[in-house]
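Okay, structure first, notes after.
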Amino acid sequence: MMLGSCFAEHVGERLKMYMGCDSVDVNPFGVLYNPTSIAQAIKLLISHEDLPSITGNKHIFHGQDGVWHSWLHSSHFSDKTKEGCIEKTTARLTVAREMLKDATLLCITFGTTRHYRHDGLVVANCHKEPQRCFTEEEPSLEELKMLWANVLQELKAFNPDLKTVFTVSPYRYRKYGFHVSQIQKAKLLLLCDYLCNSRETTENEETYTAYFPSYEIQLDELRDYRFYKEDMLHPSDQAVNIIAERFMDWSFSTALKEESMKRLKEYRLKQHRKLI
């Protein structure tokens with residue numbers, strides 16, 4: 001399962017090509033950027049209740065665009081009716097919960113540290129609602145450490161065989177300037193380092209967490225601007241392909257590499273149009 005920013009989404013879609021859609025679940029809440037929203041999503045996944053029971057449907061609202069949205073999901077789950085939005089989010093949660101229960105690897109990609117709160121709830125997406133409706137927050141590194149140490153413990157109880165990999169999105173956020181973006185990335189890197197190396201999170205020998213250097217590969221190895229899109233912020237498709245291949249080479253066993261190449265051939269064959 002891949003959770004996190006749009007970078008996780010892009011890499012996850014490539015993994016589906018190699019492993020098959022039934023073997024990879026990508027962002028069951030839609031794109032999530034910050035550690036607090038991702039932690040919130042995981043807690044919902046490992047709970048034993050459906051969304052309406054947990055939130056009382058407080059996460060569902062009628063937006064200024066006339067569409068029903070969920071504060072916990074991206075716009076992919078929005079619908080013209082309230083019932084439709086509830087059905088989409090609930091059905092997706094059920095499928096993802098079963099997938100996570102049997103998953104062997106959870107890959108989490110952090111993008112930024114800041115999050116937005118509306119009426120006491122940390123939102124996954126603001127859905128273009130007025131800025132005055134939200135409070136912007138910047139949690140401290142210590143707060144994020146405590147939050148995620150707890151999340152890892154709960155994940156371990158939910159799926160004892162699950163391995164968790166952390167990575168940081170190489171996408172740069174220019175909203176507050178590149179200096180602030182670098183500071184946020186530094187905080188995320190320190191958080192990942194803590195989660196992968198701290199005794200508090202690794203004292204159980206069966207617990208497995210690791211860090212994959214997506215951020216470093218992009219900035220240190222693929223730093224030429226031909227590896228960026230036209231906005232000079234997002235990694236290009238070529239860069240994402242390279243990092244996805246490096247991730248698979250790093251995480252796949254020899255047997256899985258061989259199997260993945262077979263599945264990739266099958267995937268490519270299905271993409272060909274029949275002439276007759």
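This chain uses plain numbering: 1 for the first residue, then up along the sequence. Hydrogens, waters and symmetry mates play no part in the numbers below; they use all other heavy atoms, side chains included. All values derive from a computational prediction rather than experimental measurement.
Under the 4.5 Å side-chain contact rule for hydrophobic residues, Val95 and Leu45 do not share a cluster. Hydrophobic clustering (side-chain heavy atoms under 4.5 Å, transitive across Ile, Leu, Val, Met, Phe, Trp, Tyr) keeps Val123 apart from Val67. At a threshold of 4.5 Å between side-chain heavy atoms, the hydrophobic network of Ile, Leu, Val, Met, Phe, Trp and Tyr places Val168 and Leu190 in one connected group.
In terms of heavy atoms, Cys192 sits closest to Phe166 at SG-CB, 3.7 Å. Considering all non-hydrogen atoms of both residues, Thr209 and Leu195 come closest at OG1-O, 3.2 Å. Residue Asp237 comes nearest to Arg14 through the heavy atom pair O-NH2, 3.8 Å, listed as atom of the first residue, atom of the second, then distance. Considering all non-hydrogen atoms of both residues, Leu144 and Pro35 come closest at CD2-CB, 3.9 Å. The two residues Val26 and Ala8 have their closest heavy-atom pair at CG1-O, 4.2 Å. Pairing each heavy atom of Gln40 with each of Leu121, the nearest pair is OE1-CD1, 3.6 Å.
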Problem set entry | Audit row: Asp25, Arg97, salt bridge (charged side-chain N to carboxylate O under 4.0 Å, His left out) steps and yes/no | CA-CA 10 Å; Asp25 194 335; Arg97 182 175 288 160; over 6 Å; no
Exercise. Run the salt bridge (charged side-chain N to carboxylate O under 4.0 Å, His left out) check on Asp249 and Lys257 step by step: do they pass?
Worked result: CA-CA 8 Å; Asp249 186 60; Lys257 288 178 184 177; 3.0 Å; yes
Problem set entry | Audit row: Tyr194, Trp148, ring pair (Phe, Tyr, Trp, His ring centres under 6.0 Å) steps and yes/no | CA-CA 10 Å; Tyr194 169 80; Trp148 273 91; over 10 Å; no
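Note that the OG atom of Ser78 and the CG atom of Asp65 stand 7.5 Å from one another [nearest 0.5 Å]. With values rounded to the nearest 0.5 angstrom, Met248 atom CE is found 7.0 Å from Ser260 atom OG. Going from atom CG of Asn125 over to atom CG of Leu32 covers 9.0 Å, rounded to the nearest 0.5 Å. Distance check, rounded to the nearest 0.5 Å: CZ of Phe227 to CD1 of Ile217 gives 12.0 Å. Rounded to the nearest 0.5 Å, atoms CG (Leu189) and CD (Gln184) are 12.0 Å apart. Distance check: Asn27 CG to Ser74 OG gives 8.0 Å after rounding to the nearest 0.5 Å.
Side-chain atoms of Ile46 and Leu155, non-hydrogen and from C-beta on, do get closer than 4.5 Å to each other. You'll find the side chain of Phe110 reaches within 4.5 Å of the side chain of Ile38, heavy atoms only. Counting heavy atoms from C-beta outward, Glu216 and Tyr211 have side chains that approach closer than 4.5 Å. Contact check for Arg172 versus Phe178: side-chain heavy atoms found under the 4.5 Å cut-off. Counting heavy atoms from C-beta outward, Leu191 and Lys145 have side chains that approach closer than 4.5 Å. Under the 4.5 Å side-chain criterion, counting only non-hydrogen atoms from C-beta, Pro170 is in contact with Phe7. Between Val165 and Ser251, the closest side-chain pair of non-hydrogen atoms is not below 4.5 Å.
We find that Asp79 and Lys88 are joined by a salt bridge, their nearest charged nitrogen and carboxylate oxygen being less than 4.0 Å apart. A salt bridge links Glu259 and Arg263; the closest N-O separation between the charged side-chain nitrogens and carboxylate oxygens is under 4.0 Å. The residues Lys187 and Glu138 are annotated as salt-bridged, a charged nitrogen and a carboxylate oxygen being separated by less than 4.0 angstrom.
The aromatic rings of His73 and Phe29 lie parallel to each other, their planes meeting at an angle below 30°, with 60° marking the opposite boundary. The aromatic rings of Tyr171 and Tyr173 sit perpendicular to each other, their planes meeting at more than 60°, with 30° as the lower class boundary.
A 6.0 Å sphere centred on CD of Glu49 holds more than 12 heavy atoms belonging to other residues, nucleotides or ligands. Annotation: Gln182, atom CD; neighbour count of heavy atoms from other residues, nucleotides and ligands within 6.0 Å is above 12. Within 6.0 Å of atom CD in Gln131, 12 or fewer heavy atoms from other residues, nucleotides or ligands are found, so the atom counts as exposed in its surroundings.
Between the side chains of Ser214 and Arg246, no donor N or O sits under 3.5 Å from an acceptor N or O. No side-chain donor from either of Asn34 and Arg114 sits under 3.5 Å from a side-chain acceptor of the other. Looking only at atom types and distance, the side chain of Lys43 has a donor-acceptor partner in the side chain of Asn150 under 3.5 Å away. For the 3.5 Å distance criterion, the side chains of His115 and Ser37 fail to qualify, holding no donor opposite an acceptor.
The stretch residues 46-68 participates, sequence neighbours left out, in these ring-ring contact (aromatic ring centres under 6.0 Å, His included) pairs: Phe61-His69, Phe61-Trp71, Phe61-His127, His62-Trp68.
Listed for the Thr89 side chain is a donor-acceptor partner under 3.5 Å among the backbone atoms of Ile86.
With sequence neighbours left out, Glu143 forms a salt bridge (Lys or Arg N to Asp or Glu O under 4.0 Å) with no residue at all.
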